[in-house]
Chemist: 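One structure, as structure tokens, below. Some questions next.
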Amino acid sequence: MKEEFKKKAAELVDSMTIEEAAGQIRYDSPAIDRLGIPEYNWWGEGLHGLARAGTATVFPQAIALASMFDKDFLKKIADVISTEARAKYNESSKLGDRDLYKCITMWSPNVNIFRDARWGRGQETYGEDPYLTARLGVAFIEGLQGDGKYMKAAGCAKHYAVHSGPEASRHHFDAQVSDKDIEETYVPAFEAAVKEAGVAGVMGAYNRVNGEPACASQKLIVERLRKKYGFDGYLVSDFLALMDFHENHKVTANIVESAAMALKAGCDVNAGFVYRHVMEAYEQGLVTEEDIRRAAKSAYTVRAALGMFADDCEYDSLGLLDIDTEESAQLSYEASLNSIVMLKNDGILPLNKEEIKTIGVIGPTASSIGVLEGNYNGLSSRYVTNLQGIRDKVGKDVRVLYSEGAHLFLDKVQNLAREDDRLSEAEMVAKNSDVVILSVGLDSTIEGEEGDTGNAFAAGDKVSLFLPDSQRKLIERVISVGKPVIIVSNTGSAIDYSLEDEKCNAILQCWYSGQSGGTALADVLFGDANPSAKLPVTFYKDGTQPPIDDYSMKGRTYRYLQTEPLYPFGFGLSYTSFDYSDMNIIKNDDKVSVEVTVKNTGSVKGSEIAELYIRNDVQDKLSNGLNNEIQDIGSLLVEDNQPKHSLIGFERITLEAGESGKVVFELSDNAFDTVLEDGQRVKLKGTYALFAGGQQPDSRSEALTGNSCLSETVTI
């Protein structure tokens, strides 16, 4: 934070009484009339569009945005989100509406690692890879906060740290995790958010981490976040997380002790009601005046950086006409288009309207607005569902038949006698269609956040990787008719489509696809757009993952997976093909870059996501030694606990048919790091293999695409 903002914050907080300062570290901070300070509610959401504040541009869910593998595009999206947040804040403030969600402190992005495909909130993340998550998190924060004199909106990286389910026990769960996994997987995105993006806020998680509540962890907050990373923004608790200290974690005796514990650890703003008892903690000698004023100054530095106490903020002129514009709608459409992952295509796609008389659109997500929204969403004025997108595309030239086919989900308390009541209609539609678009999936009432979903039996998490039984029956019934079937999947997470992959003709993973999801889907189905997205998560076969409450990374994500996945991380098909050649590694002092030529060898224009992976091929690590002073690493390095290979670069390139282009990967300083068992990062001397291609360097990716990665070695 700039010194001028820290100075302004100090002036304001020092002019407050201690009682007034204590009120300003609540998320619903009250007005201080004598100082001309209005009330302010810190709670704002902007995960994939301004959320819960009325009309806004609804972009595809975060996991969908991750599948674009496009830092620059994500930054543009975040810029729109901050524009709409600032505009809504300005207009609402003029009318005296300073309620929650009408603010410019966005509690986004969610940079947790999607380590378990059953986690309901995984849809909010950028996937399972720490490098991808860090790069996208930095881009989002930079777009949100802007580069002006003042911040346009304040970003907040959440949930710090080691948080990714299970939802049902998050308020009392203690994540037991190794120092290696923390450093290697769980915190890199937070470090990048602080050091590279200058994120204004960090939100603590509900759970404990190795015994310490995440919102008051000495190791995570004091030693790592504040001292090691140099974070000087505000730390906020997750909503009601501080109540868990005494009610669920049992690390304090009462609410006053919980307030003191959090404040002493550096939690500046409380989302919840515990900090209403800060003055009691002060009167009991559990916290000092310095503790209270320090937290208030941290919060007020962010408010000053947002221009709240200035008369020259460049964003004060934004208003209602800057929300839900044609330009933002176009950007949302492009995001929907660029996030569709084609998982299978036997040649049926793209469809030719001239050869089709009747299309059957079947399935519970076909006319659903919920699957366009995901969770933590805004409200669009221009939704296009899957069904509507297809109707608009074919017009009057092709007859469109529709059947819901099945209920999205039926649990045991509902009337199971009605579970199959749409199946016969679905069969009728399939029999009378030349091709079937089978629209299936989930929504945020099935997977999402505990307390916000209707999925009471799993508190927002999935119990398996299969679709609900009602939809599996539908798929079997429709496929049995014998017509060509294209599955359109709207989910926020990986699904086991093993059976469907064997029997259907094509599968499109569309995620929670945004306000223009149906338009983008239709454009891909009929070849007016070429799919380019890649999976930011592994699609596992059900039953192959460790227990969801096991926080070891062994057996998880593509880096440590020992079984064969259904669809690998980084995988996605196109209507064209790409060839890689002329891989060149350039070493310049301590910097390493990789160049590769990509050629579109197909017949249509397409965008390719070029991926770069590294594998540590140092054979005898102990005898080769290290580049630092550590000599005896002994048990600090366990050979079978290292990643198989790791993503260290990705770039998107668009090429006409027959066109070639060069992609350059600039490797980060820590690309060659090895993380030891005690969490130390070291650079081992020896040989490393680098792989460049449109996929991972693994046998499953090669089997699905028929391609292999280029490979070169580099010695450090």
Side-chain angles (χ1 to χ4, degrees), residues 69 71-72 75 129-139 141-142 147 180 183-185 187-198 224 227-231 559 580-598 609-633 636-637 642-653 661-676 678-693 697 709-716:
F69 281 69
K71 303 178 288 288
D72 295 337
K75 187 174 180 178
D129 182 74
Y131 177 81
L132 176 64
T133 299
R135 294 304 94 219
L136 297 182
V138 166
I141 293 162
E142 289 177 343
D147 56 2
K180 174 182 169 62
E183 178 65 27
E184 192 168 56
T185 299
V187 300
F190 290 98
E191 182 175 8
V194 172
K195 291 183 175 180
E196 298 179 46
R224 185 180 289 271
K227 293 181 180 179
K228 185 176 180 180
Y229 299 166
F231 177 63
R559 296 192 300 158
Y580 287 73
S581 63
D582 303 325
M583 184 175 178
N584 185 28
I585 299 174
I586 303 167
K587 294 177 66 176
N588 185 5
D589 296 328
D590 293 332
K591 297 293 184 180
V592 177
S593 61
V594 178
E595 295 180 349
V596 64
T597 298
V598 182
I609 297 166
E611 304 168 33
L612 183 69
Y613 293 84
I614 190 170
R615 185 183 71 210
N616 186 342
D617 281 349
V618 179
Q619 297 300 312
D620 188 358
K621 300 180 178 67
L622 298 184
S623 63
N624 273 287
L626 306 171
N627 286 349
N628 57 23
E629 297 301 319
I630 302 174
Q631 297 298 320
D632 181 17
I633 57 178
L636 295 180
L637 183 63
Q642 298 301 314
K644 294 183 297 182
H645 47 262
S646 299
L647 182 72
I648 56 171
F650 58 90
E651 297 292 337
R652 176 182 283 265
I653 184 171
K662 183 175 290 186
V663 172
V664 179
F665 302 98
E666 301 289 347
L667 273 60
S668 64
D669 292 339
N670 62 0
F672 294 92
D673 284 1
T674 294
V675 179
L676 304 181
D678 65 353
Q680 294 182 78
R681 282 187 174 271
V682 298
K683 284 183 171 60
L684 300 170
K685 295 178 180 178
T687 302
Y688 295 78
L690 300 180
F691 302 89
C709 293
L710 295 181
S711 177
E712 294 288 345
T713 60
V714 60
T715 301
I716 63 169

Chemist: For residues Phe672 and Leu667, determine if any side-chain heavy atom of one lies less than 4.5 Å from a side-chain heavy atom of the other.
Modeler: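 Yes, close enough: below the 4.5 Å cut-off.
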
Chemist: Once you round to the nearest 0.5 Å, how far does CZ of Phe691 lie from CG of Leu710?
Modeler: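 Answer rounded to 0.5 Å: 10.5 Å.
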
Chemist: Just jot down the side-chain hydrogen bond (donor to acceptor under 3.5 Å, both in side chains) partners of Glu142, sequence neighbours excluded, or say none.
Modeler: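 Testing Glu142 for side-chain hydrogen bond (donor to acceptor under 3.5 Å, both in side chains), a comparison that skips the adjacent residues, returns none.
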
Chemist: Using the salt bridge (Lys or Arg N to Asp or Glu O under 4.0 Å) criterion, which residues pair with Glu595? Sequence neighbours excluded.
Modeler: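 For Glu595, the residues satisfying salt bridge (Lys or Arg N to Asp or Glu O under 4.0 Å) (neighbours in sequence not counted) are Lys662.
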
Chemist: Hey, does Asp673 have a side-chain heavy atom less than 4.5 Å from the side chain of Lys683?
Modeler: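 SC-SC contact between Lys683 and Asp673 confirmed.
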
Chemist: For the residue pair Glu712 and Val594, establish whether any side-chain heavy-atom pair is separated by less than 4.5 Å.
Modeler: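 They are not in side-chain contact.
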
Chemist: Quick one: closest heavy-atom pair of Lys591 and Asp669, and the distance?
Modeler: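 Looking at all heavy atoms of both residues, the shortest contact is NZ-OD1, 2.8 Å.
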
Chemist: Ignoring hydrogens and angles, write down the donor-acceptor pairs under 3.5 Å from the side chains of residues 129-139, residues two or more places apart or on other chains.
Modeler:
from: Asp129; atom 1: OD1; to: Tyr558; atom 2: OH; distance (Å): 2.6
from: Asp129; atom 1: OD2; to: Tyr131; atom 2: N; distance (Å): 3.0
from: Asp129; atom 1: OD2; to: Leu132; atom 2: N; distance (Å): 2.8
from: Tyr131; atom 1: OH; to: Ile648; atom 2: O; distance (Å): 3.1
from: Thr133; atom 1: OG1; to: Asp129; atom 2: O; distance (Å): 2.8
from: Arg135; atom 1: NH1; to: Glu196; atom 2: OE1; distance (Å): 3.0
from: Arg135; atom 1: NH2; to: Glu196; atom 2: OE1; distance (Å): 3.2
from: Arg135; atom 1: NH2; to: Glu196; atom 2: OE2; distance (Å): 2.8

Chemist: Just by distance, do the side chain of Lys587 and the backbone of Thr715 share a donor-acceptor pair under 3.5 Å?
Modeler: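 Checking the backbone N and O of Thr715 against the side chain of Lys587, a donor-acceptor pair under 3.5 Å is found.
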
Chemist: To the nearest 0.5 Å, what is the distance between CZ on Phe650 and CG on Leu612?
Modeler: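 So the CZ of Phe650 and the CG of Leu612 are separated by 11.5 Å.
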
Chemist: If the condition is side-chain hydrogen bond (donor to acceptor under 3.5 Å, both in side chains), which residues does Lys195 pass it with, not counting sequence neighbours?
Modeler: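 For Lys195 the side-chain hydrogen bond (donor to acceptor under 3.5 Å, both in side chains) partners, ignoring immediate neighbours, are Glu191.
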
Chemist: Evaluate salt bridge (Lys or Arg N to Asp or Glu O under 4.0 Å) for Asp678 paired with Lys180, printing each intermediate quantity in order.
Modeler: CA-CA 6 Å; Asp678 65 353; Lys180 174 182 169 62; over 6 Å; no

Chemist: Do any pairs count as a salt bridge (Lys or Arg N to Asp or Glu O under 4.0 Å) and have a residue in residues 642-652, sequence neighbours left out, and if so which ones?
Modeler: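 For residues 642-652, and leaving out neighbouring residues, the salt bridge (Lys or Arg N to Asp or Glu O under 4.0 Å) pairs sorted by first residue read Asp70-Arg652, Lys71-Glu651.
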
Chemist: Considering only heavy atoms from C-beta outward, does the side chain of Ile585 approach that of Val592 to under 4.5 Å?
Modeler: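 When only atoms from C-beta onward are counted, Val592 and Ile585 do touch, with a gap below 4.5 Å.
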
Chemist: Does the side-chain hydrogen bond (donor to acceptor under 3.5 Å, both in side chains) test come out yes or no for Ser711 and Arg615, once each step is laid out?
Modeler: CA-CA 10 Å; Ser711 177; Arg615 185 183 71 210; 6.0 Å; no

Chemist: What's the shortest heavy-atom distance between Arg559 and His645, and which atoms?
Modeler: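 Looks like CG-O, 3.4 Å.
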
Chemist: Any side-chain heavy-atom pair from Tyr688 and Asn616 closer than 4.5 angstrom?
Modeler: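 Yes. Closest side-chain heavy atoms under 4.5 Å.
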
Chemist: Taking all atoms of both residues into account, what is the closest heavy-atom pair of Ser646 and Pro643, and its distance?
Modeler: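 Heavy atoms only, the tightest pair is OG-CB, 3.5 Å.
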
Chemist: What's the spacing between Arg224 CZ and Phe190 CZ if we round to 0.5 Å?
Modeler: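 Nearest 0.5 Å value for the CZ-CZ distance: 11.5 Å.
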
Chemist: Looking at residues at least two apart in the chain, or sitting in another chain, which of them share a side-chain hydrogen bond (donor to acceptor under 3.5 Å, both in side chains) with Asn584?
Modeler: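 Applying side-chain hydrogen bond (donor to acceptor under 3.5 Å, both in side chains) to Asn584 gives none.
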
Chemist: Go through the steps to decide whether Phe665 and Val596 satisfy the test side chain to side chain contact (heavy atoms under 4.5 Å, CB included), and finish with yes or no.
Modeler: CA-CA 9 Å; Phe665 302 98; Val596 64; 3.9 Å; yes

Chemist: If you take all heavy atoms of Ile141 and Ala197, which pair is closest and at what distance?
Modeler: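 Closest approach of Ile141 to Ala197, heavy atoms only: CG2-CB, 3.7 Å.
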
